[in-house]
K.L.:
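A single structure is presented below for examination.
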Amino acid sequence: MKYVTTIAEREYLIEIVDDHQIIVDGKSYQVDFDSVSDQPVYTLILDGHSYESYVYPDEDGWQVLLYGSLYLITVEDEREKRLMASMGSRVADREEYYLRAPMPGLVISVPVVEGQQVEIGDVLVLLESMKMQNELKSPRPGKVARVRVKPGDRVELRQTLLSVS
């Protein structure tokens with residue numbers, strides 16, 4: 001099965017060969033991917049290198065927290081994507097993006113204010129969880145519409161932190 005995966009506006013063609021082999025943009029990789037104790041924590045061994053990430057479903061795809069950076073990822077079946085493109089259909093951008101906590105934690109800082117313009121990659125919230133500080137970044141340009149947390153707040157998994165319109 002082939003999929004088109006979009007990360008930060010870049011598309012990757014991913015083919016799942018079997019449980020331990022994938023092909024990404026024509027390059028083959030040996031993989032081992034598994035969840036840890038029924039938590040949203042996953043381990044990935046990719047060509048002998050080990051990675052740990054938090055993976056959460058989102059309205060539009062997936063949120064993946066890896067090395068303190070939050071990535072918004074969409075995955076589409078290659079055939080469906082081609083069919084939609086041939087019909088001239090395009091998924092419209094939502095009016096408002098809601099940044100949700102990818103894990104429970106403590107808000108360390110909110111370096112933006114309501115009404116502030118932000119670009120892709122700008123840090124919106126600094127969240128501490130499991131003794132690690134994680135920069136939650138904007139996945140798209142826009143204006144900070146509403147900030148719902150402040151430094152010192154404890155937040156729960158998937159709690160809305162702020163919105164960007």
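Treat the numbers as computed from the prediction; the structure is a model and nothing was measured.
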K.L.:
Could you tell me which residues satisfy side chain to side chain contact (heavy atoms under 4.5 Å, CB included) with Glu9, sequence neighbours excluded, listed by chain and number?
P.N.:
Ile120
K.L.:
Could you tell me whether Arg154 atom CZ has more than 12 heavy atoms of other residues or ligands within 6.0 Å of it?
P.N.:
no
K.L.:
Only counting residues at least two apart or in another chain, list the ones meeting ring-ring contact (aromatic ring centres under 6.0 Å, His included) with Tyr42.
P.N.:
Phe33
K.L.:
Hey, are the side chains of Val113 and Val147 touching, using non-hydrogen atoms and a 4.5 Å cut-off?
P.N.:
no
K.L.:
For Ser129 and Gly105, work out which heavy atoms get closest and say how close.
P.N.:
CB-CA, 4.3 Å
K.L.:
Under a 4.5 Å cut-off applied to non-hydrogen side-chain atoms, are Leu124 and Leu161 in contact?
P.N.:
no
K.L.:
Excluding sequence neighbours, so at least two apart, what forms side chain to side chain contact (heavy atoms under 4.5 Å, CB included) with Asp25?
P.N.:
Arg10, Tyr12, Leu13
K.L.:
Are Trp62 and Tyr67 connected, step by step, through hydrophobic side chains (Ile, Leu, Val, Met, Phe, Trp, Tyr) whose heavy atoms are closer than 4.5 Å?
P.N.:
yes
K.L.:
Sort and list the pairs that fulfil side chain to side chain donor-acceptor pair (under 3.5 Å) and have at least one residue in residues 100-112, not counting sequence neighbours.
P.N.:
Glu59-Arg100, Arg100-Thr160
K.L.:
Rounded to the nearest 0.5 Å, what separates atom CZ in Arg158 from atom OH in Tyr98?
P.N.:
13.5 Å
K.L.:
Determine the minimum heavy-atom distance between Gly121 and Lys137, stating which atoms define it.
P.N.:
O-CD, 3.4 Å
K.L.:
Taking atom NE2 of His49 and atom CD of Gln30, what is their separation to the nearest 0.5 Å?
P.N.:
13.0 Å
K.L.:
To the nearest 0.5 Å, what is the distance between CG (Leu127) and CD (Glu135)?
P.N.:
11.5 Å
K.L.:
Does one hydrophobic cluster hold both Val24 and Leu66, with members joined at side-chain heavy-atom distances below 4.5 Å?
P.N.:
yes
K.L.:
Quick test of your reading: applying side chain to side chain donor-acceptor pair (under 3.5 Å), list the pairs with at least one residue in residues 112-128, sequence neighbours left out, ordered by first then second residue.
P.N.:
none
K.L.:
Of the non-hydrogen atoms in Leu72 and Gln63, which two are nearest, and what is the gap between them?
P.N.:
CD2-CG, 3.4 Å
K.L.:
Give the cluster check for Tyr54 versus Leu106: same hydrophobic cluster or not, with ILVMFWY residues linked at side-chain heavy-atom distances below 4.5 Å.
P.N.:
no
K.L.:
Suppose we screen for salt bridge (Lys or Arg N to Asp or Glu O under 4.0 Å). Which residues come up paired with Asp32, at least two apart in sequence or across chains?
P.N.:
none
K.L.:
When rounded to the nearest 0.5 angstrom, what is the spacing between CD in Glu76 and OG1 in Thr5?
P.N.:
8.5 Å
K.L.:
Is there a path of hydrophobic side-chain contacts, each under 4.5 Å between heavy atoms of I/L/V/M/F/W/Y residues, joining Leu157 to Ile108?
P.N.:
no
K.L.:
State whether the side chain of Arg148 and the backbone N or O of Gln159 hold a donor-acceptor pair below 3.5 Å, judged by distance alone.
P.N.:
no
K.L.:
Does a side-chain heavy-atom distance below 4.5 Å link Leu44 with Ser53?
P.N.:
no
K.L.:
Evaluate the criterion side chain to side chain contact (heavy atoms under 4.5 Å, CB included) for residue pair Lys150 and Val110; output intermediate values, then yes/no.
P.N.:
CA-CA 6 Å; Lys150 62 185 179 312; Val110 182; 5.6 Å; no
K.L.:
With a 4.5 Å heavy-atom cut-off, do Ile23 and Val17 have their side chains touching?
P.N.:
yes
K.L.:
When you measure from the side chain of Ser50 to the backbone N and O of Ile45, does any donor-acceptor pair fall under 3.5 Å?
P.N.:
no
K.L.:
Is Tyr97 reachable from Val118 through a run of I, L, V, M, F, W or Y residues, each pair having side-chain heavy atoms under 4.5 Å apart?
P.N.:
yes
K.L.:
Just so I know, are the side chains of Val107 and Val155 near enough to count as touching, which here means a heavy-atom distance under 4.5 Å?
P.N.:
yes
K.L.:
List the steps and the verdict of side chain to side chain contact (heavy atoms under 4.5 Å, CB included) for Leu70 and Leu99.
P.N.:
CA-CA 10 Å; Leu70 182 65; Leu99 175 65; 3.8 Å; yes
